[in-house]
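These numbers come from a predicted model, not from an experiment. Side-chain atoms are counted along with the backbone in the values below, which use heavy atoms only and exclude waters and symmetry mates. Per chain, numbering begins at 1; letters A, B, ... match sequence-line order.
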Amino acid sequence: MSSQTLQAKSRRNPLVTLIILAVVLVVMVLVPQVFSGYITYVAVLAMLFAVLAGSYDILTGYTGPLTFCHGAFYGIGAYTSALLTLKAGFPFWVAFPVSGAAVFLFGALIGYPALRLRGHYFAVTTFFFAHFVYLVILNSVGLTSGPLGLGGIKPPEGFLGINFAGLKASYYLVFIYGVIVIVALWLFIRSGVGKLLVTIRENEELSEAIGVNTSFYKVLAFSIGAGVAGLTGSLFAHFFRLLHPTTFAWMTSEMVVIMSLVGGLGTLIGPIIGAGIVTLILELMRFAPELRLIIWSVALIAILIIEPRGLMGLVQRIRGGRK
Amino acid sequence: MSKTRKLLVLLVVLLLAATLVLTSCKGGKAGNVIKIGYTAPFTGSAAEFGTNGWRGVQLALEEINAAGVKVGNKTYNVEIVRYDSKCEPTEAVANMRKLALEDKVVGVLGDHCSSCCRGIAPLATEYKIPSITIECAADNVTSPGQEYYFRMRPSMGLMAPLAAPKILDLTGAKRVGYLGVNDDYGRSFNKSFQDQFGPAGAKTVAEIYFERGNTDFMAFLNQLKAAKPDIVLYVGTASEGAMILKQAQEIGITPGIKFVGSEEMGEMELVSLAGSEAVDGTYAVALWGAVASDFEKKVKDKFNAPMHYAIIFGYDALKVMVDAIQRAQSLDTVKIKDALLATDYAGLEGQIKFETFEGFRNQGRYTPSFIQWKDGTREAM
Amino acid sequence: MLEVKNICAGYGGIQVLWDVSLEVKKGELVALVGANGAGKSTLLKTVAGLLRQSSGEIVFEAKPIEKLPAHAVVARGLALVPEGRRVFPYMTVRENLEMGAYSVKGAEQVQQSLERVFGLFPKLRERQKQLAGTFSGGEQQMLVIGRALMSEPRFLMLDEPSLGLQPSIVANVFESLKILHGQGVTILLVEQNVRKSLEIAQRGYVLEHGRVAMAGDSKSLLADEGVRRAYLGI
Amino acid sequence: MLLQQILNGIVVGASYALIALGLNLIWSITDIADFSQGGTYVFAAYAAYFMVTLVKMPFVAALLVGMVVGGVLSYLFERFLYRRWTGLSRIQLLCAIALFFLMANLAIRFWTAKPKIFPAYLKGSLKFAGVMLSYQRIVVVAVAAVLFVIVYWFIQKTKMGKAIRAASQDREAAAVVGINIHTVNSVVFVIGGILSSTAAVLISPLYSVFPAMGDLPLLKSLVVVILGGFGSVAGVLVGGFGLGLVEALGGVYISSAYQHGFAFIVLILVLLFFPKGLFGKV
């Protein structure tokens, strides 16, 4: 297990880290000012995926089990939030935390029985769970409009003169949300609970032997990941304002897994960068409609061959090599 | 690092570099080119629609560029910038933004999926890019509608009132079974017809939806058989329809119960997919009656493919767009939009006009044909 | 017969063995003792080809075997009885034994080996049709030893054969090891039961923290003050 | 109607069971949930289709070609991809999904998304007690039965088969008795490829050949593997036919739109009570 996941060992000078971080943040802030609405739009989607991948890392990277249903939680969050505002008339700022909490609870409900399953049994079961959620969204026509798509979703209510209907404002909203969530996840990982999760990943039996309630912490990690995905989904719903089941089909869950693995599981920063890289590759290929997904899957296999531990594994190896 | 790994790293880097170079080069070609965007599903579950639409667009493009487009005193060539939407709204929106903001197109064709059309229609207005959907059929694409978004084909809600009485006339059906693909297209088609059939006294005895990509229809067909309808209204692709007709024949539902299909079931390929034996006697609400046979031959020669309405729509859409550019005598998108509004063009599918009526905006009025299959050929009714 | 020279090995990034060397001569019974986690099993797995060493050499009958995969090592006449009585639980006793002779060609030879194992463990003959998973611990231990013998090894390595067994059965196991040794099989025995194993062995090695801490003939090891204090509880 | 649905369920179940048998062998031995079988399925069907339509081969010969294509593809994937990541099961799983995805998209590229109609090789149907069953459907069940017997015999009686069973029960113990694990892996992948491509070619004349044809059979077969439990032939049979029946009957008597969702409901219910599947051994 330890060979598949990396520990984030910071051997670098903290000042250098800080400078890199600052530069990245400044660049991110400038994106909507410098680039076109297309790039800003793609960047918003990439940031949403980055948050998804980061939250996914809490469960799969830090706690161990592989899952394929993150896209489903994202979708449940999106639909919950949209329906709360459309049908029950809640403002976004109420629907947003409520849908996060709802998906958190839902994650606990699913995670509790499912996490008893072993290895890939669990992984493949989550895959089917995701597909089932897709079917429910697709077929509950009365509630979700199913394949007709759910339109007319309002942007988040503005305040202090900010109007979130525009693309730039949405970008900054998602950006701030992303930064807050990532920092929160980072703090969580460094907390006592986060360290416990890593212990469970490294040796579950041993953790049990020393009296850790491993299933509780696994369900906790699962639910936190789900909750963040739900929040992110809610934000997506009010950014995109049109929901369709295909947006949350199994490929979305797969994308999250792929981004995380490309970046490097168990590093938090890896999956976030992975989201950026994957988005970039797919966007660069946009000019070749029929070849796009072929090149993409070949590139994915090539990346796995080059370094199964993802980008962060590559970084670590290069650094280790120089030492 | 091992040798293979190094090689692979090199490969990936080269690949990325190549795409970067390719993408950056594309913008460099300036001069007498009019760029028109096209967003369509080329991969994914709806890939066959995009494939057919693109065939039509290519045929129109050849003819247009052979003649050249005269605007002012300059002659232009048309270039199509084409992106894949995978039938997913988020992708279609990315395409639309890229087309409008990066590629600076003067018009957009597409998409084929209603959910995508609904996603891009507001952007057409936001960026002032006149756009024509190829085959989105849901009512709400043009109702309430957008200033810059146009549709030539009838929506389901417009088609049903025209087709339903004819179906009842021909078949005298009192009991109707509905069988449809479970997406926006299938659901809205059946609902529109139910709204017409119900008041006319043809009651619904079964309503069944299946997932796209389904192959075994035995369960559904048995269910239909048990419900004893006079006719079955089927909506879905020709390929699914072909499997359904074959399997219906296998368990002896047809020819006793008549199938009435949506537009795909009026396509020539249905016969090649299912064989005339299974198809004969079924009806279809078709989107084309009799197209000039030389066009059909062109399609056959160039693509070795049977005729399909998406080819016609793709062809007409580009022709209508270029027609508007020529009448506007300008590459200004506002003027092109105004010219589109004044369109009165004799297309393959009939006379094309965009009108605003009954809550619809920029919507073509177009009467569907009604055909019956006899000995593997379409017979207009 | 077997020479292990300066082996370093481990799992993933964690090194377990540090520069371990050891030798077993033809016809010897050598015990390898040490605390839990000292690296005894790791050493056996490395020799058997289940683990790849990061450096060092392993020579068996004058030929290097450190690069061979596990199945090829067995074919050379070197068999491992892994820790934890790893029978094939959903196969019958007889099938288990037949699997032991997987690399042996010729039905006659397999039959001979079978007779030999049944001679050593008569109980297995009685229960050949029973599923191995239904056996008791002691019976399973006999079965895995028997299975290893089916390949007619000239060299047998055993990993903790007495672990978790009742004392009476432990005695049985050690008894059968003595008989095997008497039949000319060279044996490398890994045990936590230090006293018993050193009693039947001629020589012994003590492994501590992945390094050879002591080596010598059994009698002197048994008499050694440090060994007595650390492993014999005296 | 009930009887008709039961028969339909048996036909569909037979195809699930066939794919699931290969997947189960692969999964229980190599720990890979081999999604790439969904792609192999597609390629085998196209290969057989072109053999019948272009080369004018008889159906049986085309079936053999399809089997060879499936076996070879599966072998190549194991030998040159999965083997690279022995022990890194997440990477193997991801690679399997990537391959599945790649092959479906290659099929679109090569042969377009338009379905091809596989000509019927046998006409007519059996009629009795008010139900109809075409001969082609009967062939699916018959061939599946024959292959099941062959595979069962192979893993129960032959030396390699026993080695496969041994490896599925304890990989390491199998290695130390002299079983070459790589060979075992290759063999099970070839068997898996052959079984899923057989299912593909047998089913093609009933439906049609198109790039996404592998999606649903693959997913359902994975459900069957989990339902039945690892390393259990009986589990595959019960799971396969059980799921076929549940879908055929549920699609009619409960809801057509959820026909493909029943698999997952059944799966979750079974796993609640049998976390190792119905007949799980490992």
A:Phe68, part contacting chain D, at a heavy-atom distance under 4.5 Å:
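For A:Phe68, side-chain heavy atoms alone lie under 4.5 Å from chain D.
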Go through the atoms of A:Leu135 and report whether side chain, backbone, both or neither lie under 4.5 Å from a heavy atom of chain D.
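Interface part for A:Leu135: both.
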What part of D:Phe100 is in contact with chain A, defined as an atom under 4.5 angstrom from a non-hydrogen atom: side chain, backbone, both or neither?
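The side chain, not the backbone.
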Need one label for D:Leu267: side chain, backbone, both or neither, based on atoms under 4.5 Å from any heavy atom in chain A.
side chain
Close aromatic pair by centroid cut-off 6.0 Å: A:Phe222 and A:Phe73
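Yes.
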Measure centre to centre between the rings of D:Tyr82 and D:Phe189, then say whether the value is under 6.0 Å.
yes
Do [X] and [Y] have side-chain heavy atoms sitting under 4.5 Å apart?
X: D:Ser221; Y: D:Val225; value: no
X: A:Phe248; Y: A:Val133; value: no
X: D:Met213; Y: D:Tyr207; value: no

Specify which of A:Val124, A:Leu300, A:Ile258 makes the most heavy-atom pairs with chain D at under 4.5 Å.
A:Val124
Heavy-atom pairs under 4.5 Å with chain D: which of A:Ile301, A:Asn139, A:Leu291 has the most?
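If we count pairs closer than 4.5 Å to chain D, A:Asn139 comes out on top.
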Testing A:Phe128, A:Phe132, A:Phe127 one by one against A:Trp250 for a ring-ring contact (aromatic ring centres under 6.0 Å, His included), which residue passes?
A:Phe127
From the list D:Val223, D:Ile108, D:Ile32, D:Asp31, the residue making the most non-hydrogen contacts under 4.5 Å with chain A is D:Val223
